[in-house]
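Beneath this line is the structure, given in structure tokens, with notes to follow.
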Amino acid sequence: MRTSVVLFTSDLRLHDHPPLRAALGGSERTVPLFVRDRAVDRAGFAVPNRLAFLADCLRDLDAGLRERGGRLVVRAGDLVDRVCEVVAEADADEVHMASDVSAHAQRREERLRRALEAAGVRLHVHDTVTGAVAPGTVTPAGSDHFAVFTPYFRRWSDVSLRDALAAPRTVRVPDGVGSEPLPSRYGVPGLSAGLATGGEQEGRKRLGAWLRGPVAVYEERHDDLAGDATSRLSPHLHFGTLSPVELVHRARRAGGPGPEAFVRQLAWRDFHRQVLAARPDAGTADYRTRHDRWRSEREAREDIAAWKEGRTGYPVIDAAMRQLRHEGWMHNRGRLLTASFLVKTLYVDWRVGARHFLDLLVDGDVANNQLNWQWVAGTGTDTRPNRVLNPITQARRFDPDGGYVRRWVPELEGVQGRAVHEPWRLPADERAALDYPDPVIDLSAGLARFRQARGR
DNA sequence: TCATTTTTCGT
DNA sequence: CGAAAAATG
């Protein structure tokens, strides 16, 4: 009797799951396995918000498998050791998994392939599971990856995607392969109070509601901070409770400018993935260095703390940083503004900001997070590396009535209209009555001055 | 068909 | 300014 193992990683779903389908199609028994990878804990990636969301996802995945006659096997430890252990217990002939792009994922896949080969077991790695268009599918002449988004997007749009797969009807799991108890979000300390719920069911519900309604006005409203008109599907894409291939198909089927703009954002995700796949060190090192001599963490300690805690004295920055802490999520426009403020205005190393985002974001993803931070810092793929986003101009444009600021900065909730973006310009008595800090820095003192002071 | 130069264009 | 495409030889 043929037996297979399907190793779930960042693909915690039953719909449109090629490794699962291949495993079920090629054998009578299949072990659905998830490993709580000790290396991920050690690297500091197992933060409370994502651990809680992950726990939701695993419980939902287990529930979905049980509806189909199966169950999820969870183990903790070294991923390669645990997979080999389960392969031996189940006497499996093959292992299926999804490919992924980070340095960690690439090393993990290689180690696993070698260990399984030594045991005479074949590892099947499926692409187009964690991304829609796999890295390397389209390339410019003379390079293994695109460094500019627009030409990438043209080629990406021409790729014909495979059809989305249905969820399997039945899953037969061999007897005698034990599982640890499933983790629960209730045991996780330090969660953001407004954290989203994980799981494939939840993701599909959100996707359906998104495509039935708000996506239609996504193009006009996606940058409006107070409108909060983005999909909020990012954590589901990060954990793979939703399939990017299915998302692109369904958005294209909906048609129109909103869905097209949404698909474009999904292409950005693949763009960053193909950069990281080709240059895995871009997660920690400058993709294209500008020889910045950032202020050290020690030198900028007070500024960094003010930024993290949302008390920089720039209302839109503080609003966004407080949303991050409260929800484990931040509006995309807020991410751009707060990142630009840290790297361009406070002139702090992008890695400091990227790490803080990864510490809190429920969708915290190495490719998206690190390469977007690099884009803002001017060390990444931005073709205009000196771009600086002015928090006041941007606030007036993307939070014209100030509603986003008043929602997240209660000290300012009594200030009407867009005046909320510049509390220092209020009449002195009104200003004094607010328990809100003065700006930590004069905007004109930012990047140019820091760079000059450092002789570059 | 290929290498090199020129033009275009960039969340 | 530099990457990617187009034009050129």
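Protein chains get the first letters and strands the later ones, always in sequence-line order, with residue 1 at the start of each.
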Pairs under 3.5 angstrom only: tabulate donor-acceptor contacts from the side chains of residues 255-266 of chain A to other protein residues two or more places apart or in another chain.
none

Please enumerate all residues that pass side-chain hydrogen bond (donor to acceptor under 3.5 Å, both in side chains) together with Arg204(A), with sequence neighbours excluded.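 For Arg204(A), the residues satisfying side-chain hydrogen bond (donor to acceptor under 3.5 Å, both in side chains) (neighbours in sequence not counted) are Glu246(A).
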List the residues meeting salt bridge (charged side-chain N to carboxylate O under 4.0 Å, His left out) with Arg252(A), not counting sequence neighbours, and say none if there are none.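 Arg252(A) satisfies salt bridge (charged side-chain N to carboxylate O under 4.0 Å, His left out) with no residue once adjacent residues are dropped.
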Within residues 261-277 of chain A: residues closer than 4.0 Å to DNA chain B (heavy atoms):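 Within residues 261-277 of chain A, the residues near DNA chain B are Gln265(A), Trp268(A).
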Check the orientation of Tyr218(A) and Trp210(A). Use parallel for under 30°, tilted for 30 to 60°, and perpendicular for over 60°. perpendicular
Whole-Å distance separating the CZ atom of Arg288(A) from the C1' atom of dG10(B):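 Atom-to-atom, Arg288(A) to dG10(B), this comes out as 12 Å.
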Atom pair distance, as rounded to whole Å: CZ in Phe149(A) and P in dG10(B):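 Distance check: Phe149(A) CZ to dG10(B) P gives 12 Å.
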Under 6.0 Å from the CG atom of Asp281(A), do we count more than 12 heavy atoms belonging to anything else shown? yes
Measure from the ring center of Phe271(A) to the ring center of Phe153(A) and say whether it is less than 6.0 Å. no
Using the test side-chain contact (heavy atoms from CB on, under 4.5 Å), find all partners of Arg269(A) that sit at least two apart in sequence or belong to another chain.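 Per chain and number, Arg269(A) pairs via side-chain contact (heavy atoms from CB on, under 4.5 Å) with Leu237(A), Pro244(A), Arg273(A), Asn368(A).
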Going 5' to 3' along DNA chain C, between which two nucleotides do contacts with chain A fall, using a heavy-atom cut-off of 4.0 Å? dA3(C) to dA5(C)
May I ask you to check whether Arg407(A) and Gln323(A) show a side-chain donor-acceptor distance below 3.5 Å? no
